[in-house]
There are 2 protein chains.
Amino acid sequence: MGRGKIAIERIDNATNRQVTFSKRRGGLMKKARELAILCDADLALIVFSSTGRLYDFASSRGMEAILERYQEAKQEHCGVLNPTSEAKQQSPGQPQGR
Amino acid sequence: MGRGKIAIERIDNATNRQVTFSKRRGGLMKKARELAILCDADLALIVFSSTGRLYDFASSRGMEAILERYQEAKQEHCGVLNPTSEAKQQSPGQPQGR
DNA sequence: TTCGCTATCTATAAACC
DNA sequence: TGGTTTATAGATAGCGA
């Protein structure tokens, strides 16, 4: 995009990489926020720049809550404890139905 | 974008919200992957749809590693243990690091 | 180096199938 | 209901200050 097209591979030039990082990070954060609002999704985004700086975004329920929820979901996913819970995932307490 | 412009607010129509979620989730994941590669960043993205389904993406080092790194970084941030480490982050002996 | 400014490229809202 | 297509809104690479 922009004036020219670029390949998706590590940018060698450090200056350029830094500039691109700032711009795309901003864009990604914006998109993340939009998705969370538009679709009422729970979302967490964590980014470490190559210089080690941390940037993050989390939807309204907060980062901690989402990370916890993630750990729980993962456990289920791997352990496959309740086939039932899977089957029910799409309708439960969400009246928004369809 | 697309054929018409939309406001950034929760989409009421459930069907439309679901469609938009799928599309934007895909786009967001793609952007996240590009940022990680282009800028050699360490990145984690966690998304829960409003129906409760989990989707995630993590750069090469893996989700676990990134979440741990996040916890550590947060501690530092809040506790402010090492002013030194902060001060050194942006210029010192890091020609362009990686 | 950081900030703005376009020309372009990409993502995507609707329309179709 | 779910995959394609299309025209347009939005993101952004390269510059210039």
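The analysis underlying the following values was restricted to heavy atoms, covering all of them including side chains, and did not include hydrogens, waters or symmetry mates. Numbered from 1 within each chain, the chains take letters A, B, ... in sequence-line order. All values derive from a computational prediction rather than experimental measurement.
Each of A:G2 and B:I6 lies near DNA chain C, and the nucleotide nearest A:G2 is the one positioned closer to the 5' end.
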Going through the distances and angles, do B:R69 and B:D42 end up as a salt bridge (Lys or Arg N to Asp or Glu O under 4.0 Å)? CA-CA 10 Å; B:R69 189 176 174 188; B:D42 224 355; 3.1 Å; yes
For the pair A:D12 and A:R10, evaluate side-chain contact (heavy atoms from CB on, under 4.5 Å) and give the outcome as yes or no after the intermediate values. CA-CA 6 Å; A:D12 285 318; A:R10 182 170 183 281; 3.9 Å; yes
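For C:dA11, its base never sits under 3.5 Å from the side chain of B:K23 at any donor and acceptor pair. The base of C:dT12 has none of its N or O atoms less than 3.5 Å from a complementary donor or acceptor on the side chain of B:R3. The base of D:dT12 is not paired with the side chain of A:R24 by any donor and acceptor separated by under 3.5 Å.
A sub-4.0 Å separation between OP1 or OP2 of C:dT12 and a side-chain N or O of B:T20 is absent.
With rounding to whole Å, A:R17 atom CZ is found 14 Å from D:dA13 atom P. What separates CD1 of A:I8 from C1' of C:dA11 is a distance of 14 Å, to the nearest Å. Spacing between atom CZ of B:F21 and atom C1' of C:dT12 amounts to 16 Å, rounded to whole angstrom units. Separating the CD1 atom of A:I11 from the C1' atom of D:dG14 is a distance of 12 Å, rounded to the nearest angstrom. Between the CG atom of B:L38 and the C1' atom of C:dC9 there is a distance of 14 Å, rounded to whole Å.
Contacts between residues 26-36 of chain B and DNA chain C, defined by a heavy-atom separation under 4.0 Å, are made by B:G27, B:K30, B:K31.
Hydrophobic clustering (ILVMFWY, side-chain heavy atoms < 4.5 Å, transitive): A:I46 and A:L28 are in distinct clusters. Linking ILVMFWY side-chain heavy atoms closer than 4.5 Å, directly or via other members, places A:I11 and B:I37 in a single hydrophobic cluster.
Expressed to the nearest 0.5 Å, how far NZ of B:K31 lies from NZ of A:K31 amounts to 5.5 Å. Here A:L43 contributes atom CG and B:S49 contributes atom OG; the two are 11.5 Å apart, rounded to the nearest 0.5 Å.
Heavy atoms of A:T15 sit under 4.0 angstrom from primed sugar atoms or phosphate atoms, though from no base atom.
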